[in-house]
Amino acid sequence: MLKKLMLIFKSNTPDKKKPSQPSKTKTSSSKPKPKVQPTRIGELGEHKINIQLDQLPKGCKYVSDLMVAIPKSRTGYSQIDHVVITPHGLFVVETKNYNGEIKGTRDNKSWSVSNRFKMYNPFMQNYGHIQAIKSLLPDYQKIRYISLVSFTMRCRFSVDPELRKIQSDELIVYDVELSEYIQRKMNRIQAEKTETALTDSDILKIYQSLNKANITDPKIRDDHVEKAGSARKIKN
């Protein structure tokens, strides 16, 4: 009887074990990292380019996001990322924000990005930009025009090696080395002594002409972007 009473008492005694702690849930690893929106990537890329252009030697000027009327263009306009005006010529800069391996040559109409998709040869694209600028500067047809295509460090180049050599007037660079390449190219042209240097007055005149031709109307710019996007889809 005594044994039965002891068993009953034992079964009714509350467990003296420590209360279980609530399980910890991992929050940092379980949540996916927020993706950077393409527009934000573009803004960051342009910010890095502007930092590079602000490092140019005294006497140089530049115009960014230049949009000019070109009747022969599909959209009626040409939009140019940057034009750098130096004593030794104009550098026309096309910026790209791709991620992956960039493959192409001067003569390829299309370049590939990590063998996943194609892009229009940026030097052919920039050639059109240079012709658009020349049409605005009738007094400066024979000055040196250098085509520069800038990619972010998220890329790696598998391109025509000549496009990385400073003697070329078509150069592919990383955004972080843009000002370095412009300075090196200026030094190269100066050493060649084949071009007449632009005066401060020339540089100012070109700068004012480009700014005067620049179309800033938001509606026209939006229409151009939409038409350009449609044209690329049809082309692809």
Can you name the ring pair (Phe, Tyr, Trp, His ring centres under 6.0 Å) partners of Tyr62, sequence neighbours left out? none
Side chain of Asn187, backbone of Arg184: donor and acceptor closer than 3.5 Å? no
The criterion is ring pair (Phe, Tyr, Trp, His ring centres under 6.0 Å); which residues satisfy it with Tyr140, sequence neighbours excluded? none
Please enumerate all residues that pass side chain to side chain contact (heavy atoms under 4.5 Å, CB included) together with Arg106, with sequence neighbours excluded. Asp160, Glu162, Leu163, Ser168, Glu170
Mind checking the NZ-OG1 spacing from Lys227 to Thr75? Nearest 0.5 Å is all I need. 7.0 Å
Contacts under 3.5 angstrom, residues 129-137 side chains, donor-acceptor by atom type, not counting sequence neighbours:
from: His129; atom 1: ND1; to: Asn126; atom 2: OD1; distance (Å): 3.1
from: His129; atom 1: NE2; to: Gln79; atom 2: O; distance (Å): 3.3
from: Ser135; atom 1: OG; to: Ala132; atom 2: O; distance (Å): 2.5

Joint hydrophobic cluster, Ile49 plus Val173, side-chain heavy atoms closer than 4.5 Å: yes
Taking the side chain as C-beta and beyond, is there a heavy-atom pair between Tyr77 and Val68 under 4.5 Å? no
Among all residues two or more places apart in sequence or in another chain, which pass the side chain to side chain contact (heavy atoms under 4.5 Å, CB included) test with Met153? Tyr174, Asp175, Val176
When the ring planes of Phe151 and Phe157 are compared, do they come out parallel, tilted or perpendicular, using 30° and 60° as the limits? perpendicular
Any link between Leu178 and Tyr181 through a network of hydrophobic side chains (Ile, Leu, Val, Met, Phe, Trp, Tyr) touching at under 4.5 Å? yes
Polar contact flag, side-chain donor to acceptor under 3.5 angstrom, Glu101-Ser158: yes
Those residues at least two apart in sequence (or on a different chain) that pass salt bridge (charged side-chain N to carboxylate O under 4.0 Å, His left out) with Lys219 are Asp223
Can you list the residues that meet the side chain to side chain contact (heavy atoms under 4.5 Å, CB included) rule with Pro122, with sequence neighbours excluded? Lys96, Trp111, Met119, Val149
When rounded to the nearest 0.5 angstrom, what is the spacing between CD in Glu94 and CE in Met124? 14.0 Å
Any non-hydrogen side-chain atom of Met67 less than 4.5 Å from a side-chain atom of Thr216? no
Straight-line distance of Glu177 CD to Ile182 CD1, nearest 0.5 Å: 11.0 Å
Donor-acceptor contact below 3.5 Å, side chain Arg164 vs main chain Ile172: yes
Hey, any chance Ile146 and Val84 share a hydrophobic cluster, counting ILVMFWY side chains that come within less than 4.5 Å of each other, even indirectly? yes
Using a 3.5 Å distance criterion without hydrogens, assess whether the side chain of Asn108 forms a donor-acceptor pair with backbone atoms of Thr105. yes
Minimum heavy-atom separation for Lys185 and Ile166, please, with both atom names. NZ-O, 2.9 Å
Contacts satisfying salt bridge (Lys or Arg N to Asp or Glu O under 4.0 Å) that involve residues 58-68 (not counting sequence neighbours) are Asp65-Arg221
If you round to the nearest 0.5 Å, how far is CG of Asp81 from OG1 of Thr95? 3.5 Å
Which heavy atom of Val159 sits nearest a heavy atom of Ile102, and at what distance? CG1-O, 3.6 Å
For Asp139, give me all partners under salt bridge (charged side-chain N to carboxylate O under 4.0 Å, His left out), at least two apart in sequence or on another chain. Lys205
Give a yes or no answer on whether the side chain of Ser179 reaches the backbone of Gln55 with a donor-acceptor pair at less than 3.5 Å. no
When hydrophobic residues are tied together by side-chain contacts of less than 4.5 Å, even through go-betweens, does Ile143 share a cluster with Phe91? no
To the nearest 0.5 Å, what is the distance between CD1 (Ile85) and CG (Leu198)? 9.0 Å
Nearest heavy-atom pair of Asn99 and Ser114: which atoms, and what distance? O-OG, 4.0 Å
Is there a side-chain contact between Ser147 and Leu171 in this structure, where contact means two heavy atoms from C-beta onward sitting under 4.5 Å apart? no
Among residues at least two apart in sequence or on other chains, which ones pass ring pair (Phe, Tyr, Trp, His ring centres under 6.0 Å) with Tyr127? none
Note, Val92 side chain near Ile80 side chain (heavy atom, < 4.5 Å): yes
Least distance between heavy atoms, Val93 atom then Ser150 atom: CG1-CB, 4.4 Å
Pairing residues for Glu192 by the salt bridge (charged side-chain N to carboxylate O under 4.0 Å, His left out) criterion, not counting sequence neighbours: Arg144, Arg188
With rounding to the nearest 0.5 angstrom, report the OG to NE2 distance, Ser73 to His224. 6.5 Å
Would you call Val63 and Asn211 a side-chain contact if the rule is heavy atoms closer than 4.5 Å? yes
For the hydrophobic clusters of this structure (ILVMFWY residues joined by side-chain heavy atoms under 4.5 Å, transitively), does one cluster hold both Leu53 and Leu148? yes
Between Arg154 and Asn97, which heavy-atom pair has the shortest distance, and what is it? NH2-O, 3.1 Å
Using the salt bridge (charged side-chain N to carboxylate O under 4.0 Å, His left out) criterion, which residues pair with Lys103? Sequence neighbours excluded. none
